[in-house]
Amino acid sequence: MIILIYPPVAKPCEPPAGIARLSGMLGRFGIEHRLVDSNLEGLLHLLRMPVPPEKREDVWTRRALRNRERNLVSMRDPALYHHIDRYKRAVRDISRVLSIVSPSGTAVGLANYEHRELSPLRSGDLLTAAERPELNPFYSYFKSRIGGLFHEKEPSMTGISINYLSQALSAFSIIGFIRREFPGVKLILGGGLITSWLKNLGGENPFAGLADHLVPGPGEDQLLSLLRPDATGGKIPRPDYHALPTDLYLSPGFVLPYSASQGCYWSRCEFCPEKSEGNAYVPVPTQQVLSDLKTLAEKTSPALIHLLDNAVSPALLDRLSAHGLGVPWYGFARVGQHLADPDFCVALKQTGCVMLKLGIESGDQGVLDALQKGISIETASVVLRNLKKAGIAAYVYLLFGTPPESEASARKTLEFTARHSDCINFLNLAIFNMPACGPHYPEIATRRFYDGDLSLYTDFTHPDGWDRKRVRLFLENEFKRHPAVSPILKNDPPLFTSNHAPFFVMRETT
Ligand code: SF4
């Protein structure tokens, strides 16, 4: 028997797709397994902890504590998503309770976990988290829940799926607990963060002695070869969500996550880890995508489908526009010829597409070309107008401070954004981080960015002096305050951002 665990903290709005896909594979081979979403369960456990009177000092805390169950219920109620201010208040109040119950020196949030002394970017700190699991805010939860499961039936193997830095410290606390209490169990680590670490560290296991195997990439084949050395994987498995508590996630209805591909079909953008890590593009055949989604939708009655692809391929967009899913859906797509066709956008809308996430990055064509983004700013303009006409919301991603960007280019991005503000529903503004394993600009000096051997990024000297500090000032003082931009930013659901954004537009656009 194998137990697959998704550790805290990650946004608890939809089930973890990685362990659900592994579950699909294990089920196909009849391998006994259990799934534990320790993220959702652990956060709900913390939110219900008793709070001593001395911590109930101010009015806000008392209100947040008094309303904690009501706020959790309302996060699952579509009515909350009609009022962004009420929604923001519920999210703030839930976050307040988490901050109150966080032990001293730690800060747990709905999308983050920080420890005053331990950093997930230092392998030594992760080993400390493993040596002293009782320091973790979720310790009482996983001691009873994971300990209970293991006592019921001790698994031969446990897989831990670590995708975000915010999960790493708790994951290692769970690992330390299992190692101490159940030393015979084999431990396998996988997930997006483990994949990136392995690519950046040249495949070496910095946690040897603690984890038996580190598995990069999707993981199905490696896991299968460990469990059934004589079996062959075959087709990409359909995820299986039935073992997860689908009605407890903080969303107004079940959100069905589905990856129709691994990697990115474009994979050329200079700033992107998909390129610098050299991740292979592995699409699920479009026929299988449609049949998987149909079967999963029948089983789970989702309110929304979340396509997790880095960029939904043109081939899949074609199939979707022709067949539809019968359920509202959203995902990342690339600006290109398909979306530049207004009739195609209307067809996509009719198949249930409620929102597309678009990485436009810059309003300066020279920057886009230097980054090998492969899009034209004129086409981006046409696409935004088409989506608006078709009734599909646009969640636009912009990137500032890249090596080819100057202050003048950033102003072009502001001008582009303001000119299209009537077609942009949501905005994500990011400051460029140089991936540690590339791209390699020989003329740019780099240096270690964070104080940590596991950092995936490196600091660099911008050739135009357009450094992070200046970019940040520009964003705060100019970009975010622009009268056409600031209302868009106020639309953004705090913490859950694009995960909850579709629910705010579904009532307008469906
Ligand atoms: S399209 Fe997106 S995922 Fe693909 S390489 Fe560019 S930034 Fe990365």
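Residue numbers run from 1 in the order of the sequence given. Atoms within a ligand are numbered from 1 in the order they appear, just like the ligands themselves. All heavy atoms count here, side chains included; hydrogens, waters and symmetry mates do not.
By the 4.5 Å heavy-atom criterion applied to side chains, Tyr258 and Leu296 are counted as neighbours.
The nearest heavy-atom contact from the protein to atom 1 (S) of ligand 1 is Arg334 NH1, 3.5 Å. Nearest to atom 4 (Fe) of ligand 1 among the protein's heavy atoms is Cys264 SG, 2.3 Å. Annotation: atom 6 (Fe) of ligand 1 to nearest protein heavy atom, Cys269 SG, 2.4 Å.
Not less than 6.0 angstrom separates the ring centroid of Tyr395 from the ring centroid of Phe332. Side-chain rings of Tyr249 and Phe254 stay apart, their centers remaining 6.0 Å or farther from each other.
Each of the atoms 7 (S) of ligand 1 lies under 4.0 Å from some heavy atom of Phe271.
Only the backbone of Arg268 comes within 4.0 Å of ligand 1, judged by heavy-atom distances. Of all the heavy atoms of Tyr265, none lies under 4.0 Å from any atom of ligand 1, so neither backbone nor side chain is involved.
In this comparison of Leu358, Ile375, Asn310, Leu371, the heavy atom closest to atom 3 (S) of ligand 1 sits on Asn310. When Cys272, Gly359, Gly374 are checked for heavy-atom proximity to atom 8 (Fe) of ligand 1, Cys272 turns out nearest. Of the options Lys357, Lys373, Gln372, the smallest heavy-atom separation from atom 2 (Fe) of ligand 1 is shown by Lys373.
Closest approach of Gly24 and Pro237 over heavy atoms only: C-CB, 4.0 Å.
A salt bridge links Arg385 to Asp422: at least one charged side-chain nitrogen sits closer than 4.0 Å to a carboxylate oxygen. Checked for salt-bridge contact, Arg411 and Glu415 miss the test: no charged N lies under 4.0 Å from a carboxylate O.
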For this session: Check the pair Asn112 / Glu114 against side chain to side chain donor-acceptor pair (under 3.5 Å), numbers first and verdict last.
Result: CA-CA 7 Å; Asn112 205 8; Glu114 285 174 11; 3.0 Å; yes

